[in-house]
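This report concerns only the one structure given below.
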Amino acid sequence: MTETTDKKSTVETASPVGLQSRPHFPKIGETCSGSEILMRALYQEGVKTIFGYPGGAIMPVYDDLLKYTEGEDAWFHHVLVRHEQAAAHAAEGFARVSGEVGVAIVTSGPGATNTLTGVADAMMDSTPIVVIAGQVGVSSLGSDAFQEVDLVGVAQPISKWSYQIRRPEDVAWAVSRAFYIARSGRPGPVVLDFPRNAQTGKCEWQPGKVDHVRSYHPYPKLNPEAVRAAACLINNARKPMALVGQGVELGEAQEELREFLEKADIPAGRTLLGLSALPSDHPLNVGMLGMHGNYAPNVKQQECDVLIAIGMRFSDRVTGNLRTYAKQAKVIHLDIDPAEIDKNVPTDVAVIGDCKESLPALTALLRKADHHEWRESFAPLHAKETEEVIEPHIHPAEGPLLMGEIINLVAQLTGGNAVLVNDVGENQMFSSRYFKYKNSRSVVTSGGLGTMGFGLPAAVGATFGTDRTVCFFVGDGGLQMSIQEFGTIMEQQCPVKIILLNNNYLGNVRQWQDLMYDHRHSFTRMLNPRYDDLAKAYNIPYALVTERKDLAMQVERMLSADGPFFLECAVKENENILPMVVPGTSIDEMALHLDI
């Protein structure tokens, strides 16, 4: 984000209700350190959970943090992760399920750079997090001091805002501004670089409140002409189709979406990140879009006459070959971010604004419609996929355990009320396809960046953001990228239900090697540890399922456990995730079978 703000013009003195009654809290105007001001600023933003890892350059902050995390009236709960990257991913998981801003605190140098994968992941998936990193003192900047790195420069391209706090006087302003930018408009990550002298230096404490940034307009004004043009196209459509993305959940517009779809009688496909924006059993929900989505919505994108994209960015995984994508359709794009308009797919009508506002405005102009014949045309395609792909995957007659049947069983036993967290690869695609959702904010996945190792720390974070059951599906590759977080689970007793779909391969890469590299499995077979011994070492209850007859019993045992549980499932080694849009092909050329 480019910013030209004069901070004096955006700071307002605030007197947060209840702050003065908190222990250790100085009176406004009282002198205290920059790290103490950070504590108050975080409390003022409503922060209750912090994920982090201490180190030399952030020690003053951690010294003050200790007194605010102890006792019955503690302000914060600090979760000590086992790797700084996990701090960022845990903050993402927390933010995704809670709708709040996730917070990570780490040290300088490698501590800070370790979080950057999580920052990039949050940027791609519009997840609001604030990363606060220690830094060498201002007088040492540029000297290649121990554990010094230009964090602001490195983070700027992959964050909404990155800023270095050089004086204690700037702490309250910077924190308030960081949270405002992270949570407003299209959400995203903010990085604050906190030199040691600004942590230890003292000044008079004045709470700050930033609710405006010059040149930053997070909520564009809705254009009534664009709304009317979109309504006209939809009212005259014979085969309308909606593509629903995560923007609906970020805008908290789930009810507005249902009212829009039901009035206009529009079938809706969902992106990977938008899966829980519409309940799985809603009659207008026609399935998941994209490379490994459902057959019917992918094919029908190439038949509809009006395509309505809502809070989604036309990812290459959704569109397939752009040269052939939806050329027959008029395209309406509803999005809060003007940068997404015409970026990948040319738009006939762009409705720029918060979908919480744009959807009701559009719905008000729509005629009550009945597209029964169009909707029914999806049914034969769905039946074909069910017969040829879904049923063989979730109800196999014999042979090794399959990922689909395990996921389907967990979905059934949780009744659509659990939160799905997954890692990246086959486990991600299978679980996203076969899990079920009744509630919003039920999917935590790495969509745009596709970060292996994301899932376990994100699942940890999710347990602090919701009281619902958190089911985490992972492959053996992704688990070993973040397995140190078993230590976090052990210490915090996070009630994560870990389901390892162990096929002894980097399965997704292996499938592509079979498809495009003549079965040359170049370094994709995995040598796995004894997971039972690892679980025992971390005091996490564990079970191994190798036979179908034991699956239901062990899943029920896992779900009934009060705390964490690790269920390892030995699955078919060469199982392929299907259907598939082979790279370079059109979305309607989706293959139900692969001749590999």
Side-chain angles (χ1 to χ4, degrees), residues 1 38 42 47 49-59 61-62 65 76 78-96 100-136 147-165 174-175 178-179 181-183 187-196 199 423-424 444 446 448-462 464-465 478 481-482 484-485 487-488:
M1 179 192 135
L38 175 65
L42 292 175
V47 174
T49 305
I50 297 170
F51 306 93
Y53 202 97
I58 199 69
M59 283 178 67
V61 166
Y62 266 88
L65 180 61
F76 312 115
H78 180 270
V79 179
L80 177 66
V81 296
R82 286 355 188 219
H83 191 285
E84 291 92 352
Q85 182 174 329
H89 291 325
E92 287 187 272
F94 173 86
R96 293 274 193 92
E100 301 173 14
V101 178
V103 177
I105 299 179
V106 297
T107 193
S108 65
T113 57
N114 279 345
T115 67
L116 290 179
T117 296
V119 171
D121 192 277
M123 189 68 176
M124 289 285 280
D125 289 349
S126 303
T127 305
I129 65 171
V130 172
V131 173
I132 301 164
Q135 180 60 280
V136 301
Q147 292 191 334
E148 179 194 359
V149 70
D150 179 11
L151 181 61
V152 171
V154 175
Q156 191 169 21
I158 56 171
S159 62
K160 281 189 75 176
W161 184 51
S162 59
Y163 180 78
Q164 188 173 79
I165 307 172
V175 171
F179 276 77
I181 292 172
R183 63 164 63 105
V190 170
V191 175
L192 294 178
D193 195 33
F194 200 5
R196 190 180 174 98
Q199 299 174 45
D423 207 76
V424 169
V444 180
S446 176
L449 200 63
T451 306
M452 284 186 68
F454 163 90
L456 187 59
V460 167
F464 289 95
M481 280 194 174
S482 55
Q484 74 281 343
E485 296 312 311
T488 308

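- In the displayed structure, Phe464 atom CZ is contacted under 6.0 Å by more than 12 heavy atoms of other residues, nucleotides or ligands.
- Taking CG of Leu42 as the start and CG of Leu65 as the end, the distance is 9.0 Å to the nearest 0.5 Å.
- Between Met452 and Asp423, the closest side-chain pair of non-hydrogen atoms falls below 4.5 Å.
- Between the side chain of Gln199 and the backbone N or O of Ala57 there is at least one donor-acceptor pair closer than 3.5 Å.
- Nearest heavy atom pair, residue Phe51 against residue Ala90, reads CD2-CB, 3.6 Å.
- With a 4.5 Å cut-off on side-chain heavy atoms, Val61 and Ile132 do not count as touching.
- With a 4.5 Å cut-off on side-chain heavy atoms, Phe194 and Val175 do not count as touching.
- Considering only residues two or more places apart in sequence or on other chains, Glu84 meets the side-chain hydrogen bond (donor to acceptor under 3.5 Å, both in side chains) condition with Asn114.
- Side-chain atoms of Lys160 come within 3.5 Å of backbone atoms of Ile181 as a donor-acceptor pair (strictly under, hydrogens ignored).
- Residue Gln135 comes nearest to Val149 through the heavy atom pair NE2-O, 2.9 Å, listed as atom of the first residue, atom of the second, then distance.
- Here the side chains of Ile129 and Phe94 are not in contact, with every heavy-atom distance at 4.5 Å or above.
- Residues Ser482 and Leu456 come closest through the heavy atom pair O-CD2, 3.3 Å.
- Between Ser108 and Asp193, every side-chain heavy-atom pair lies at or beyond the 4.5 Å cut-off.
- At least one side-chain heavy atom of Trp161 sits under 4.5 Å from a side-chain heavy atom of Leu192.
- Separation of atoms OH (Tyr62) and OG1 (Thr107) is listed at 9.0 Å; rounding is to 0.5 Å.
- Applying the side-chain contact (heavy atoms from CB on, under 4.5 Å) criterion to Val154, with sequence neighbours excluded, gives Leu116.
- Among all heavy-atom pairs drawn from Pro189 and Ser159, the shortest one is O-CB, 3.5 Å.
- Between Phe454 and Thr117 there is no side-chain heavy-atom pair separated by less than 4.5 Å.
- Side-chain contact between Thr451 and Gln85: present, with at least one pair of heavy atoms (C-beta onward) separated by less than 4.5 Å.
- Across Arg196, Glu148, Gln147, a single residue satisfies side-chain contact (heavy atoms from CB on, under 4.5 Å) together with Val136, and that is Glu148.
- Residues Val106 and Gly111 come closest through the heavy atom pair CG2-O, 3.7 Å.
- Nearest heavy atoms, Ile58 versus Ala133: CD1-C, 4.2 Å.
- Within the structure, salt bridge (Lys or Arg N to Asp or Glu O under 4.0 Å) contacts touching residues 111-121 (residues at least two apart or in different chains) do not occur.
- A donor-acceptor pair under 3.5 Å is formed between the side chain of Glu485 and the backbone N or O of Arg82.
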